[in-house]
*Asks:* 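Submitted below is the structure of interest, expressed as structure tokens.
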Amino acid sequence: FSHRSIMKSLLLLLAATARLTRGQNESFVCDIPTSGCLNGMFNQALCQCECISPFCPDINGDCNDPSNNCGDNPWQDCTRGVNCPWWVNGMKAESCTTGSKIPLGLWEIYNTREACCNINFAY
């Protein structure tokens, strides 16, 4: 092994250790998967997809199972603008809206207003 590869390995190990050893008051937040959650939204605090009814998480955790038996609306107690899902507002040109009740037939939702707008109105 070269000195450079050993140093690089040590730096990677230190970075990984620093990520794992957070203060006790810090909560762990998962990164949103690049593929998102089909028929749902990724909850960073729970590190899992929350599904739009009638979909439920499948064996891989994605919302592909249309069994409609996985509980109530996961966003029923959310706070608008804080942790409710966002979606394209079909009633107003080029805008996104948020709330606890996903409109029927809508399957694409986003964690933030910025994500909703950037993906759908990139210009």
Side-chain angles (χ1 to χ4, degrees):
F1 293 106
S2 72
H3 178 71
R4 177 177 270 180
S5 67
I6 292 172
M7 290 304 291
K8 186 176 180 180
S9 296
L10 283 174
L11 287 174
L12 289 172
L13 180 62
L14 285 172
T17 304
R19 276 189 129 174
L20 292 174
T21 56
R22 297 173 181 222
Q24 290 182 350
N25 292 334
E26 275 188 70
S27 61
F28 179 77
V29 177
C30 292
D31 290 332
I32 298 172
T34 54
S35 60
C37 290
L38 182 65
N39 304 316
M41 182 176 82
F42 190 76
N43 182 319
Q44 289 181 281
L46 299 176
C47 297
Q48 67 185 23
C49 288
E50 293 178 318
C51 304
I52 301 169
S53 183
F55 292 96
C56 296
D58 61 15
I59 194 166
N60 296 317
D62 209 356
C63 301
N64 286 321
D65 179 8
S67 61
N68 201 23
N69 65 353
C70 54
D72 295 329
N73 175 359
W75 306 289
Q76 65 188 6
D77 296 325
C78 69
T79 302
R80 291 173 61 99
V82 177
N83 59 350
C84 288
W86 289 82
W87 58 87
V88 174
N89 183 348
M91 305 301 281
K92 188 175 178 186
E94 298 183 10
S95 70
C96 292
T97 193
T98 186
S100 60
K101 294 183 181 179
I102 309 299
L104 289 175
L106 188 79
W107 307 112
E108 291 188 32
I109 56 176
Y110 306 90
N111 291 62
T112 65
R113 178 185 172 278
E114 290 77 20
C116 180
C117 289
N118 288 341
I119 289 169
N120 293 287
F121 315 111
Y123 41 90

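Below, each value reflects all heavy atoms present in this structure, side chains not excepted, and no hydrogens, waters or symmetry copies.
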*Asks:* Is the Cys84 SG less than 2.5 Å from the Cys78 SG?
*Replies:*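 Looking at Cys78 and Cys84, their sulfur gamma atoms lie closer than 2.5 Å, so the answer is yes.
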
*Asks:* Work out which heavy atom in Trp86 is nearest to a heavy atom in Gly81; give both atom names and the distance.
*Replies:* CZ2-CA, 4.1 Å

*Asks:* Between Met41 and Leu106, is there a shared hydrophobic cluster once you connect ILVMFWY residues whose side-chain heavy atoms come closer than 4.5 Å?
*Replies:* yes

*Asks:* Distance from Asn64 atom CG to Ile59 atom CD1, nearest 0.5 Å?
*Replies:* 12.5 Å

*Asks:* Evaluate the pair Cys37, Cys51 and indicate whether the two SG atoms are within a distance below 2.5 Å.
*Replies:* no

*Asks:* Has Leu46 got more than 12 heavy atoms of other residues, nucleotides or ligands less than 6.0 Å from its CG?
*Replies:* yes

*Asks:* In terms of hydrophobic clusters joined by side-chain contacts under 4.5 Å, are Trp107 and Leu38 together?
*Replies:* no

*Asks:* Return yes if some donor-acceptor pair links the side-chain N/O of Asn43 with the main-chain N/O of Glu50 below 3.5 Å, else return no.
*Replies:*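 Checked: no pair found.
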
*Asks:* Starting at CG of Asp62, measure out to CZ of Phe55 and round the result to the nearest 0.5 Å.
*Replies:*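 One finds 10.5 Å between CG of Asp62 and CZ of Phe55.
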
*Asks:* SG/Cys63 to CG/Asp58 distance, rounded to the nearest 0.5 angstrom?
*Replies:*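 The distance works out to 8.0 Å.
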
*Asks:* Compare every heavy atom of Met91 with every heavy atom of Asn89, then report the nearest pair and how far apart it is.
*Replies:* OD1-N, 2.9 Å

*Asks:* In the single-linkage hydrophobic clustering (I, L, V, M, F, W, Y; side-chain heavy atoms under 4.5 Å), do Val88 and Ile119 co-cluster?
*Replies:*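 No, it is not one cluster - the side chains of Val88 and Ile119 are not joined through contacts under 4.5 Å.
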
*Asks:* Is there a path of hydrophobic side-chain contacts, each under 4.5 Å between heavy atoms of I, L, V, M, F, W or Y residues, that connects Tyr110 with Ile102?
*Replies:*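 Result: no, two separate clusters.
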
*Asks:* Say whether Asn68 and Ser53, considering side chains only, have a donor N or O and an acceptor N or O under 3.5 Å apart.
*Replies:*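 Yes.
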
*Asks:* Quick check on side chain to side chain contact (heavy atoms under 4.5 Å, CB included): which of Ile52, Asn83, Thr98 does Trp75 satisfy it with?
*Replies:* Ile52

*Asks:* Mind listing the closest non-hydrogen atom pair of Cys30 and Gln44 along with its distance?
*Replies:*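 Of all heavy-atom pairs spanning Cys30 and Gln44, the closest is O-NE2, 2.9 Å.
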
*Asks:* Could you report the tightest heavy-atom contact between Gly61 and Cys49, atom names first, then the distance?
*Replies:*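 Scanning both residues, the minimum pair turns out to be O-CB, 3.3 Å.
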
*Asks:* Suppose we screen for disulfide bond (SG atoms under 2.5 Å apart). Which residues come up paired with Cys70, at least two apart in sequence or across chains?
*Replies:* Cys56

